Protein chains: 4
Amino acid sequence: MSSKDKIITAAIEVFSEHGYHRASMDEIALRACVAKGTLYYNFPNKAQLFKTLVKQGLQEIMDTTCQALDMPLTLEESIQRVIRLNLDMFLESTNFAHIIFNELSNGIEQEVLLEIKELRREYLHFLADILEESKCGGYVRDVNCMIAATSIVGMLQSSCNYYLNNKNEMSREDLEYFLFTLITKGLFTTHA
Amino acid sequence: MSSKDKIITAAIEVFSEHGYHRASMDEIALRACVAKGTLYYNFPNKAQLFKTLVKQGLQEIMDTTCQALDMPLTLEESIQRVIRLNLDMFLESTNFAHIIFNELSNGIEQEVLLEIKELRREYLHFLADILEESKCGGYVRDVNCMIAATSIVGMLQSSCNYYLNNKNEMSREDLEYFLFTLITKGLFTTHA
Amino acid sequence: MSSKDKIITAAIEVFSEHGYHRASMDEIALRACVAKGTLYYNFPNKAQLFKTLVKQGLQEIMDTTCQALDMPLTLEESIQRVIRLNLDMFLESTNFAHIIFNELSNGIEQEVLLEIKELRREYLHFLADILEESKCGGYVRDVNCMIAATSIVGMLQSSCNYYLNNKNEMSREDLEYFLFTLITKGLFTTHA
Amino acid sequence: MSSKDKIITAAIEVFSEHGYHRASMDEIALRACVAKGTLYYNFPNKAQLFKTLVKQGLQEIMDTTCQALDMPLTLEESIQRVIRLNLDMFLESTNFAHIIFNELSNGIEQEVLLEIKELRREYLHFLADILEESKCGGYVRDVNCMIAATSIVGMLQSSCNYYLNNKNEMSREDLEYFLFTLITKGLFTTHA
DNA sequence: TATGAATGAGTTTTCATTCAT
DNA sequence: AATGAATGAAAACTCATTCAT
């Protein structure tokens with residue numbers, strides 16, 4: 001495993017545990033079992049290291065989603081798959097997802113912040129395009145698909161967060177069913 | 001205007017602009033036009049100051065919402081009002097709302113973090129109770145109201161965020177209508 | 001009880017518990033149940049407040065000792081009394097005694113430090129004079145009485161400290177007997 | 001000279017001059033000619049830095065004393081040597097010795113304070129063991145050797161302090177002779 | 001005589017970043 | 001390609017003291 005990879009693995013851990021600001025380069029180096037200098041040999045600075053992780057993370061979800069949709073499916077099945085995959089991401093690495101989608105507001109170096117926002121936007125566009133297609137098929141109500149995608153992601157994330165802190169109240173199936181219903185009933189035409 | 005009030009006003013500004021971690025006590029003091037010592041005379045530390053703001057903010061929304069619902073309204077009208085009030089909050093002070101609902105994940109002093117999470121939970125319960133009532137009336141589908149409330153807040157917030165960054169794409173009415181539809185169609189029975 | 005007295009009582013407590021530097025005027029005011037301003041109304045500053053306590057404390061011991069010696073006693077009895085009284089002081093308010101005799105070295109405002117050192121010196125002189133008298137009577141070896149007094153006080157204090165932390169090892173009588181023996185055998189001529 | 005050594009040298013100076021609380025990390029860094037960050041790179045905090053100094057200081061005295069006693073000597077000679085070495089320490093670095101033996105009372109971070117007290121205790125045990133041996137040989141009266149050692153150290157320290165401030169009154173030989181006499185007559189049996 | 005809000009200089013500590021090796 | 005000692009700016013927080021009331 002290369003130094004770079006060790007650093008990336010460690011960085012995801014540390015950023016997830018402490019959030020961007022409280023994550024220290026020292027701890028990342030320690031966890032990666034490399035010297036601090038090695039961090040800066042591989043990444044120009046903290047913000048860029050963070051951006052790399054975000055980019056990689058979002059790319060992975062998009063790739064997985066693409067693969068999952070790359071087969072003949074009914075609209076319902078497609079929707080369910082996308083929800084399930086996103087739930088996987090949010091539940092498996094909630095903190096990291098949280099960071100990507102939320103802790104970006106302020107306090108991160110402008111230059112990098114903008115790039116990360118752009119990445120996030122790309123991901124939302126990716127989801128919006130799926131909705132757009134369904135809209136063309138007449139299955140989705142006439143809504144702004146970007147804002148619909150944004151809303152869905154916000155909903156997924158906040159509900160996952162709640163679910164993780166209150167697992168006793170409901171099963172993962174319940175959560176999935178709830179979200180599936182809310183989204184289909186809320187966004188889709190009755191024919192769906 | 002008392003020092004305490006000046007500090008609170010300044011603190012909301014600064015926390016909103018920079019997020020919790022990048023907000024510095026120095027800047028808050030500067031903006032409030034008081035000495036740094038005055039900050040610490042009025043609030044024991046940064047985290048407690050922050051908690052005060054959050055508490056006050058959430059209380060205000062709850063109060064306003066309660067007032068708004070304290071009159072004979074159809075269910076539709078009630079829903080619309082709650083959405084509108086929450087949109088007001090999210091749009092008028094997005095960053096602050098963002099902080100309350102998101103930047104709490106990690107990196108804030110445990111003790112205070114837990115208190116704030118509890119406050120947030122109270123607010124969600126407050127919303128969930130409104131839904132619960134409607135459920136008893138048979139207007140809302142049989143869902144876990146807490147997770148529904150959580151999802152709605154997540155949705156409101158992420159969509160507001162998007163709207164603020166893309167005002168050219170849609171009007172506030174569009175946003176409100178979209179959310180109203182998504183929520184009513186998604187959560188309510190057809191009779192509603 | 002006057003404000004001044006309340007402050008003095010509280011101050012002794014707080015200085016004893018935390019040492020001069022860690023004792024805060026805030027805590028003293030709190031314990032004395034007066035406002036902070038009242039401290040500064042009664043004493044010009046922290047150092048002067050401290051000096052007042054020291055002065056008062058040393059004066060009390062000297063007075064008590066004088067009284068105790070102001071009656072016909074054999075030399076042995078006199079010695080024993082002086083030891084006992086000093087032990088009382090050191091044991092009852094070790095921390096305060098510690099402060100008076102030790103924590104004065106550095107870090108206290110020069111001006112006041114010198115005054116306090118002078119007070120301590122007076123006390124040592126007081127003890128030295130008692131020795132001097134015995135020396136004239138031929139009971140004490142020909143030593144520098146000031147250094148003998150200084151040594152005795154140092155010994156009393158360090159042994160009290162040890163005793164307080166290791167009460168299980170010895171009784172107060174053992175301690176008193178040990179010190180009495182060490183001092184008489186060490187300083188006195190065999191006739192004593 | 002390594003940064004660490006420079007810091008230690010400077011720290012001893014500064015702590016000696018101002019006492020623990022008034023010694024500032026800024027001044028230590030300045031004197032050591034290193035950046036403030038370097039202090040914290042080498043020592044986790046002020047208290048630990050202080051502990052390091054104390055540990056090192058006490059170790060040195062014990063080592064020197066051991067060496068000095070590691071040769072055939074009469075009891076008298078041994079005693080004299082131990083006194084002389086301790087005097088050396090107290091006179092050469094009075095302030096530092098003062099800090100070790102006195103300024104520990106209160107106001108230092110608990111955790112470190114306890115460690116330092118333990119170190120001091122070790123040193124006293126070291127002295128007590130020397131006395132214990134002599135006691136077995138029948139040269140020392142039947143006393144609790146720990147409290148004897150404690151008393152001796154207290155006596156040495158306070159008398160040194162006095163001597164340093166009143167050099168005109170007596171020579172170092174006088175001081176040494178006085179202490180030697182007080183200790184041998186006070187603690188030893190007449191055969192010694 | 002007493003108050004307590006306000007001050008600001010001073011202190012410890014953190015941490016991203018640099019650079020000689 | 002990797003190291004880790006060194007840096008210094010920035011941050012949170014403390015506390016003796018002042019002063020208008």
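Since the model is a prediction, treat every value here as computed from it, not as a measurement. Every heavy atom of this structure was used, including side-chain atoms; hydrogens, water molecules and symmetry mates were not.
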When we call it a touch if two heavy atoms are under 4.0 Å apart, what does Ala29(B) touch: a base, just sugar-phosphate, or nothing?
-> nothing

Is it true that atom CD of Glu111(C) has more than 12 heavy atoms of other residues, nucleotides or ligands lying nearer than 6.0 Å?
-> no

Hey, which of these two, Leu39(C) or Cys33(B), hits DNA chain E nearer its 5' end, going by closest nucleotide?
-> Leu39(C)

Assign each of Ala47(D) and Asn42(B) to its nearest nucleotide of DNA chain E by heavy atoms, then name whichever residue's nucleotide is nearer the 5' end.
-> Asn42(B)

With nearest nucleotides of DNA chain F determined for Asn45(C) and Lys4(D) from heavy-atom distances, which residue corresponds to the more 5′ nucleotide?
-> Lys4(D)

Ignoring backbone atoms, establish whether Tyr40(B) has a side-chain N or O less than 4.0 Å from OP1 or OP2 of dC13(F).
-> yes

Per Met25(D) side chain, nearest of listed nucleotides dA2(F), dT3(E), dT12(E) | dT12(E)

dA20(E) P sits how many Å from Tyr41(A) OH, rounded?
-> 17 Å

Taken to the nearest whole Å, CG/Leu30(D) to P/dG10(E) is 14 Å

Is the His21(A) ring parallel, tilted or perpendicular to the His21(B) ring (thresholds 30°, 60°)?
-> tilted

Between dG10(E) atom P and His18(D) atom NE2, what is the distance in whole Å?
-> 14 Å

Options dA12(F), dA16(E), dT1(E), nucleotide nearest the side-chain atoms of Asp26(B) = dA12(F)

Check whether any side-chain nitrogen or oxygen of Ser24(C) sits under 4.0 Å from OP1 or OP2 of dC15(F), and answer yes or no.
-> no

Whole Å only: how far is the CG atom of Leu49(C) from the P atom of dT17(F)?
-> 10 Å

Residues Arg31(C) and Glu17(C) bridged, charged N to O under 4.0 Å | yes

Glu27(B)/Arg22(B) salt bridge by N-O under 4.0 Å criterion = no

Lys46(A) NZ to dA9(F) C1': how many Å, rounded?
-> 15 Å

Among dT7(E), dA12(F), dT7(F), which nucleotide sits nearest the side chain of Thr38(D)?
-> dT7(F)

Using a cut-off of less than 4.0 Å, is there contact between a side-chain N or O of Lys36(C) and OP1 or OP2 of dG4(E)?
-> no

